[in-house]
2 protein chains.
Amino acid sequence: MRKALTRDRVLLAAVGIADRDGLPAVTMRRLGAELGVEAMSLYHHLRGKDALLDGVAETLIGEVLTAVAAADGPGGWRVRLRAWFLAAREVMLRHRWGPGLLNSRATVPFGVLRHYDAIIGVMVGDGLSYRIAHRALHAFGSMPLGFVQEAFSPSGDGGDGGMSAVADRLPHLAAMVASEAHEAELGWCDSQVEFEFTLDLLLDGLDRARRSEDPLV
Amino acid sequence: MRKALTRDRVLLAAVGIADRDGLPAVTMRRLGAELGVEAMSLYHHLRGKDALLDGVAETLIGEVLTAVAAADGPGGWRVRLRAWFLAAREVMLRHRWGPGLLNSRATVPFGVLRHYDAIIGVMVGDGLSYRIAHRALHAFGSMPLGFVQEAFSPSGDGGDGGMSAVADRLPHLAAMVASEAHEAELGWCDSQVEFEFTLDLLLDGLDRARRSEDPLV
DNA sequence: GGGAGCTACCTTACAACGTAAGGTAGCCCT
DNA sequence: AGGGCTACCTTACGTTGTAAGGTAGCTCCC
């Protein structure tokens, strides 16, 4: 006699499949098989595939919210937000399908809104105007969720990503890789360093924007 | 007697379908029908669906490169990159499926690399170090391609995005919307303004990082 | 100038997907 | 005891990408 099916068990199983085999591997049939059940049985707990993915997204940001809460501590808005975003990032590193999933959802998961609400709360609580807080949210982009849009991901790992083959057509890029490679910490392109660099760049800029808006502070 | 099928004609047709009916509407059968041909005939010009989408992505960033070239002019790295990114953004506004497509591709389209190469060229040409240029690329995220990761898109258009229904659970967000709404330019949340704000925030920060790296300049 | 061979297209077919429709076994409640 | 509800299953359909193989028409060469 197996455990009774519940919405949460289904979502957990879906997360597991995505972790192991990627998001496209999460099909209704596969999910059912994983739970010892036929695909159509899932429909008694979820309205369909879209609802399933929405649920997975909610589960994911639930994990983010938990991690953020655990990483929170005393301090001003800058240090707290910094810790929050880095905590969220760790969750996304555990679930590399996370960014893709969140991008694909039509409606913003409610947990995301709660997260943004908390971020605004921290900022205005420290005296930032709603205007700055608003712009800050836009500037952060997806950083509050722990990832950035990496339009340029040089084939993941270290190495030059097979770029030497076309270096003559990409002279500046090749030169940059050559220049940066010898002083690399973890491969020529350490995302963690870059993430924090961008994060601090934004936080610094926002802090400056705040001061220029309210010169007395 | 209809025009002969070519790879370019196929890609153009795919772009057209995506523009009209969205990216999911681009199926092999639909694409064939659009060209007066059976689906399997497309395989003589493209290796499969993935190759098709890669081709569409290349077509898209080809349009970006053209727009960027047209928007280029004299000036320092800041003003030139600013103009470039805004030009790219206009292309993405014409093809709203663009960001999603680029996100979904496993390999970075070559045109993207050429674009990044040009960006690096402008920066180091103006004296920025490769280190700063490298970090700048990461900080920009997808801005060079004309879009940002909008994790929080308040239901597209104006209005509060149906948020008043849950305002009690999102007090800070609701307060921010209320505070910002009455001074909105185009709906309460004007993406163009936000895009430029973030862009300038980053450019300012990078300029400052450059100076602190090389205090003599 | 007539077969060889290539190109560009079509036909058929299959596996996998999401899911609509309806069936059934076991439980609870009155 | 029996009606009804819940949780699961069975079957089936339409759509997707694409493998396999067929065919008409052009070019080329001896």
Side-chain angles (χ1 to χ4, degrees), chain A residues 1-60 97 100-107 109, chain B residues 1-60 97 100-107 109:
Chain A
M1 178 59 182
R2 64 169 178 275
K3 202 104 160 286
L5 218 54
T6 65
R7 197 186 111 103
D8 278 349
R9 278 199 351 116
V10 172
L11 296 182
L12 258 295
V15 168
I17 294 173
D19 282 342
R20 283 192 303 281
D21 299 334
L23 203 55
V26 179
T27 72
M28 301 303 271
R29 286 168 167 83
R30 166 82 186 272
L31 187 51
E34 203 95 353
L35 292 160
V37 134
E38 293 303 313
M40 289 309 292
S41 301
L42 303 172
Y43 283 76
H44 283 268
H45 304 275
L46 294 156
R47 279 214 318 271
K49 180 94 188 254
D50 255 22
L52 169 71
L53 292 180
D54 284 342
V56 172
E58 279 294 352
T59 303
L60 175 68
W97 42 268
L101 209 213
L102 292 174
N103 283 340
S104 76
R105 295 299 75 205
T107 72
Chain B
M1 178 59 183
R2 63 169 181 277
K3 202 108 162 283
L5 219 53
T6 64
R7 196 184 112 103
D8 279 349
R9 276 198 356 114
V10 173
L11 295 182
L12 258 294
V15 169
I17 294 174
D19 282 341
R20 284 194 302 279
D21 299 336
L23 203 56
V26 180
T27 71
M28 302 302 272
R29 286 169 169 83
R30 165 82 187 272
L31 186 51
E34 203 95 354
L35 292 159
V37 135
E38 294 302 313
M40 289 309 292
S41 300
L42 303 172
Y43 283 77
H44 283 268
H45 305 275
L46 294 156
R47 280 214 316 274
K49 180 93 189 254
D50 255 21
L52 169 71
L53 292 181
D54 284 342
V56 172
E58 279 294 352
T59 304
L60 175 68
W97 42 269
L101 209 213
L102 292 175
N103 284 341
S104 77
R105 295 299 75 206
T107 73

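Quick note on labels: first sequence line is chain A, next is B, and so on, each numbered from 1.
- Between K49(B) atom NZ and dA19(D) atom P there is a gap of 14 Å when expressed in whole angstrom units.
- Residue contacts shown for S41(A) include a base, since a base heavy atom lies under 4.0 Å away.
- The separation between L35(A) atom CG and dA7(D) atom C1' is 14 Å, rounded to whole Å.
- Between M28(B) atom CE and dA15(C) atom P the separation is 20 Å, expressed in whole Å.
- Residue V26(A) is the one, among V26(A) and H44(A), whose nearest nucleotide of DNA chain C lies closer to the 5' end (criterion: closest heavy atom).
- Computed from coordinates, the Y43(A) OH to dG18(C) P distance equals 7 Å when rounded to whole Å.
- Of the candidate nucleotides dC10(C), dT18(D), dC17(C), dC10(C) has the atom nearest to the side chain of E38(B).
- What you find for A57(A) and R105(A) is that their closest heavy atoms are CB-CG, 4.2 Å.
- Counting all heavy atoms, side chain and backbone alike, R30(B) lies closest to I17(B) at CG-CD1, 3.8 Å.
- Between R30(A) atom CZ and dC17(C) atom P the separation is 10 Å, expressed in whole Å.
- Taking 4.0 Å as the cut-off between side-chain N and carboxylate O, R20(B) and E34(B) count as a salt-bridged pair.
- You'll find that the side chain of R29(A) is closest to dC17(C), out of dC8(D), dT18(D), dC17(C).
- The CG atom of L42(A) sits 13 Å away from the P atom of dA7(D) (whole-angstrom rounding).
- When rounded to the nearest whole Å, the span between CG of L53(A) and P of dC17(C) equals 14 Å.
- Minimum interatomic distance between T27(B) and K49(B) (heavy atoms only, all atoms of both residues): CA-NZ, 4.4 Å.
- When rounded to the nearest whole Å, the span between CE of M40(A) and C1' of dA12(D) equals 11 Å.
- Put simply, H45(B) has no side-chain N or O that comes within less than 4.0 Å of OP1 or OP2 on dT7(C).
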